Amino acid sequence: MNAGRIEKAYSLAKEAYAEFGVNTDSALSQLGKIPVSLHCWQGDDVGGFEHSTSDLGGGIQCTGNYPGRARTADELRADLDKALSLIPGKHRLNLHACYAEPVGGKVVERDNLEFAHFKNWVEWAGSREMGVDFNPTFFAHPEADSGFTLSSPDAGIRRYWVAHGIACRKISEKIGAKLKSTCVMNTWIPDGFKDIPVDRKGYRERLKNSLDEMYAMKTDPQCHLDAVESKLFGIGSESCVIGSHEFYMGYAVANDKLLCLDAGHFHPTEVISDKISSILNFFDELLLHVSRPVRWDSDHVVILDDELRAIALEIVRGNYLKRVHIGLDFFDATINRVAAWVIGTRCMIKALCYALLEPTARLRKDELEGDYTSRLAMLEELKTMPFGAVWDYYCLTSSVPVGHEWLAEVKRYEKEVLSKRG
Ligand code: RNT
Ligand code: ZN
């Protein structure tokens with residue numbers, strides 16, 4: 001890496017952006033304050049440490065068998081450390097309940113989980129000054145084999161999953177208290193029908209009642225926030241998903257919960273970037289699962305595509321940085337898993353960097369005056385502005401590899417560590 005060249009390129013870029021009234025220094029100082037929640041499940045194909053079932057179920061699928069998957073919590077944390085060392089900025093960890101670590105060698109049932117099972121994770125995060133977010137795991141479990149959890153017609157199954165949800169809320173609240181950083185707990189359930197149901201109403205009423213029970217306990221909003229994640233369809237739930245967008249939008253508004261928008265959970269022609277400014281009229285905060293659906297909710301690694309930029313632009317334009325929690329949700333086992341984290345997270349940050357460099361006030365003025373010609377012309381010219389030089393400088397000053405240099409480090413890690421895993 002040639003630091004001098006990067007600094008020189010940055011100072012030219014700074015001048016170029018200044019012509020449009022954009023201050024690159026302040027854009028970068030803002031960028032450094034935006035945490036992205038890194039999902040632990042990219043590191044082991046959503047496996048977790050219970051080893052009770054091989055099938056994820058619930059219509060989510062991780063394909064590929066690239067060697068080197070993390071098999072233990074220590075391996076997963078080491079992989080995360082490697083990824084984090086290649087990503088600029090301070091970020092968060094997003095943990096799923098199935099990543100509980102046994103205490104005294106005993107695997108604990110999900111309805112009995114306690115903070116102690118996540119103590120190592122929280123200590124790990126704390127010593128890195130990272131916040132943690134949390135998720136109950138309503139899939140990959142014998143009690144979810146029927147395809148239904150909180151909406152199940154079976155009272156015993158519902159009871160089990162309500163208990164899991166309650167256990168997780170207590171854990172989440174404690175995580176937030178310990179780390180002095182609000183833990184956002186996201187609930188996604190797989191419940192749905194492959195074929196046309198006749199009692200949508202019954203299933204949705206049961207889901208509502210189960211959620212009411214699960215959320216009955218009051219929690220401290222400084223420590224813990226609840227979010228609910230909708231979905232349009234999944235593999236095996238093509239005809240009806242019980243927790244649909246309308247269902248959770250209504251539930252969240254009525255019960256003061258956060259909504260979680262997953263980029264892969266809508267009709268393929270619908271985009272979540274368009275939903276942010278609607279939803280934030282009615283909610284204080286919003287959770288995103290930034291993902292990349294390819295023809296279906298495929299959870300591909302996030303890349304710097306139009307929708308990723310649009311998401312970042314909407315957050316920045318709306319001044320929503322404090323109100324939107326950015327979480328990632330992708331899993332690809334066909335490529336090096338550490339590289340997948342690095343690519344996806346760096347792209348999310350790149351998109352935010354791009355958005356912070358937009359001369360939005362000027363574009364908004366053109367738009368309000370009806371000068372759509374200038375708006376389109378400018379939006380296109382901005383795409384070839386020296387954004388890359390600003391991004392490189394951000395990496396340089398954040399002490400992480402610039403450009404493709406991170407890849408050599410991942411290759412080295414693969415050779416020395418990942419390839420030695422059985
Ligand atoms: C599934 C949802 C959910 C999961 C994670 C593992 O379609 O997107 O968020 O991907 O909880
Ligand atoms: Zn998701």
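Both ligands and their constituent atoms are indexed starting at 1 by order of listing. It should be emphasised that the depicted structure is a prediction, and the values quoted were computed from it without experimental measurement. Index from 1, following the sequence.
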Tell me the protein heavy atom at minimum distance from atom 4 (C) of ligand 1, and give that distance in Å. Asp329 OD2, 3.6 Å
Can you sort out which atoms of ligand 1 are near Asp262, meaning under 4.0 Å from one of its heavy atoms? 8 (O)
Quick test: of every protein heavy atom, which one is nearest to atom 7 (O) of ligand 1, and how far off is it to 0.1 Å? Lys231 NZ, 2.7 Å
Under 4.0 angstrom from ligand 1, any heavy atom of His265? yes
Asp329 OD2 to Glu229 OE2 via the Zn ion (ligand 2), rounded to 10°, gives 170°
Is the NZ or CZ atom of Lys208 both under 6.0 Å from the centre of the six-membered ring of Phe247 and within 45° of that ring's axis? no
Considering non-hydrogen atoms of the protein only, which is the closest contact for atom 9 (O) of ligand 1, and what is the distance? Glu229 OE1, 2.7 Å
Counting from 1 in the order shown, the ligand 1 atoms closer than 4.0 Å to a non-hydrogen atom of Ile60 are 1 (C), 7 (O)
Using 30° and 60° as the class boundaries, would you call the ring planes of Phe193 and Phe148 parallel, tilted or perpendicular? tilted
With heavy-atom distances below 4.0 Å as the criterion, list the atoms of ligand 1 near Asp297. 7 (O)
Result for side chain to side chain contact (heavy atoms under 4.5 Å, CB included) between Met130 and one of Leu179, Val122, Leu80, Leu84 points to Leu84
More than 12 heavy atoms of other residues, nucleotides or ligands under 6.0 Å from CZ of Arg200: is that the case? yes
Take every heavy atom of Asn135, measure it against each atom of ligand 1, and state whether any distance is under 4.0 Å. no
Centre of Phe266's six-membered ring, under 6.0 Å away, within 45 degrees of the axis: is that where NZ or CZ of Lys275 sits? yes
Top protein contact for atom 11 (O) of ligand 1, by heavy-atom distance: His96 NE2, 2.7 Å
Please determine whether Asp299 has a backbone or side-chain N, O or S atom lying under 2.8 Å from the Zn ion (ligand 2). no
Checking only N/O/S atoms, does His289 have one that is under 2.8 Å from the Zn ion (ligand 2)? yes
How are the rings of His96 and Phe139 set to each other: parallel, tilted or perpendicular (split at 30° and 60°)? perpendicular
I want to check a possible cation-pi pair here: Arg323 against Tyr320, using under 6.0 Å from ring centre and within 45° of the ring axis as the test. no
CA sep, side-chain torsions, deciding dist, call: Arg412, Glu409, salt bridge (charged side-chain N to carboxylate O under 4.0 Å, His left out): CA-CA 5 Å; Arg412 194 190 59 75; Glu409 186 49 32; 2.6 Å; yes
For His289, atoms of ligand 1 separated by under 4.0 Å from a heavy atom: 9 (O)
Is atom CG of Asp154 surrounded by more than 12 heavy atoms (other residues, nucleotides or ligands) closer than 6.0 Å? yes
For the Zn ion (ligand 2), find the closest N/O/S atom on Asp262 and give its atom name. OD2
